[in-house]
Amino acid sequence: MEQLLQQLDQNLKELYRKALDADATLDDLQQQGHGKYQQIFPAGLFQIESNRFMPYLSETAEQISAIRQTQQFNTATLENVVKQLQHLHKTLAEFRAALVR
């Protein structure tokens with residue numbers, strides 16, 4: 001269990017800086033009149049809806065924290081957290097790649 005939590009924490013750490021940088025870029029783009037969307041991820045995977053990455057990362061971190069506090073999890077919760085982390089990694093990478101073009 002502890003090894004699993006460490007891996008989840010490592011994912012959060014990797015995503016944290018990327019999400020901060022992406023949100024700063026999104027702020028700049030919005031100030032320039034771009035980025036007029038309501039949410040980054042479609043409804044369903046996350047409970048929150050935001051036009052920035054950090055709220056999604058915070059939601060995932062809260063779920064990991066709940067697993068740590070209870071020292072219990074069900075398979076559905078773990079699967080959801082892993083899917084959230086995967087989507088965050090993928091979307092942040094795609095966003096970064098789009099900026100380089």
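By convention here, the first residue in the shown sequence is residue 1. Side-chain atoms are counted along with the backbone in the values below, which use heavy atoms only and exclude waters and symmetry mates. Just so you know, these numbers come straight off a predicted model, no measurement behind them.
Residue Thr60 forms a side-chain contact (heavy atoms from CB on, under 4.5 Å) with just one option from Leu85, Leu8, Val82, and that option is Leu85.
Taking the salt bridge (Lys or Arg N to Asp or Glu O under 4.0 Å) definition, one finds that Asp28 meets it with nothing, sequence neighbours left out. Partners of Ser50 under the side chain to side chain donor-acceptor pair (under 3.5 Å) rule, at least two apart in sequence or in another chain, do not exist in this structure. Considering only residues two or more places apart in sequence or on other chains, Arg68 meets the salt bridge (Lys or Arg N to Asp or Glu O under 4.0 Å) condition with Asp9. Under the side chain to side chain donor-acceptor pair (under 3.5 Å) criterion, Asn51 pairs with no residue, sequence neighbours left out. Under the ring pair (Phe, Tyr, Trp, His ring centres under 6.0 Å) criterion, Tyr16 pairs with no residue at all, not counting sequence neighbours. Legend: residues meeting salt bridge (Lys or Arg N to Asp or Glu O under 4.0 Å) with Glu2, ordered by chain and number and at least two apart, are absent.
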Would Leu88 and Phe41 count as a side chain to side chain contact (heavy atoms under 4.5 Å, CB included) here? Give the steps.
CA-CA 9 Å; Leu88 282 162; Phe41 294 101; 3.9 Å; yes
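Considering only heavy atoms from C-beta on, Phe53 stays 4.5 Å or farther from Leu20 through its side chain.
Of the possible donor and acceptor atoms, none in the side chain of Gln84 sits under 3.5 Å from a partner among the backbone N and O of Phe46. Not a single donor-acceptor pair under 3.5 Å links the side chain of Glu49 to the backbone N or O of Ala43. Side-chain atoms of Gln63 never come within 3.5 Å of backbone atoms of Thr77 as a donor-acceptor pair (strictly under, hydrogens ignored). Distance alone, capped at 3.5 Å, places no donor-acceptor pair between the Ser65 side chain and the Ala61 backbone. Of the possible polar contacts, none joining the Gln32 side chain to the His34 backbone as a donor-acceptor pair under 3.5 Å is found.
With values rounded to the nearest 0.5 angstrom, Lys18 atom NZ is found 14.0 Å from Asp23 atom CG. Considering NZ of Lys83 and CG of Leu45, their distance stands at 7.5 Å, rounded to 0.5 Å. Between the CD1 atom of Ile48 and the CD atom of Gln39 there is a distance of 10.5 Å, given to the nearest 0.5 Å. In this structure, CG on Asn74 lies 9.0 Å from CD on Glu79, to the nearest 0.5 angstrom. Rounding to the nearest 0.5 angstrom, the gap separating the CD1 atom in Ile40 from the OH atom in Tyr56 is 6.0 Å. Arg96 CZ to Leu99 CG: the interatomic distance, rounded to the nearest 0.5 Å, is 9.0 Å.
Atom CD of Glu94 has more than 12 neighbouring heavy atoms from other residues, nucleotides or ligands inside a 6.0 Å radius. Counting non-hydrogen atoms of neighbouring residues, nucleotides and ligands closer than 6.0 angstrom, the CD atom of Gln71 exceeds 12 such neighbours.
Ion pairing between Arg52 and Asp27 holds under the 4.0 Å rule for side-chain N and carboxylate O.
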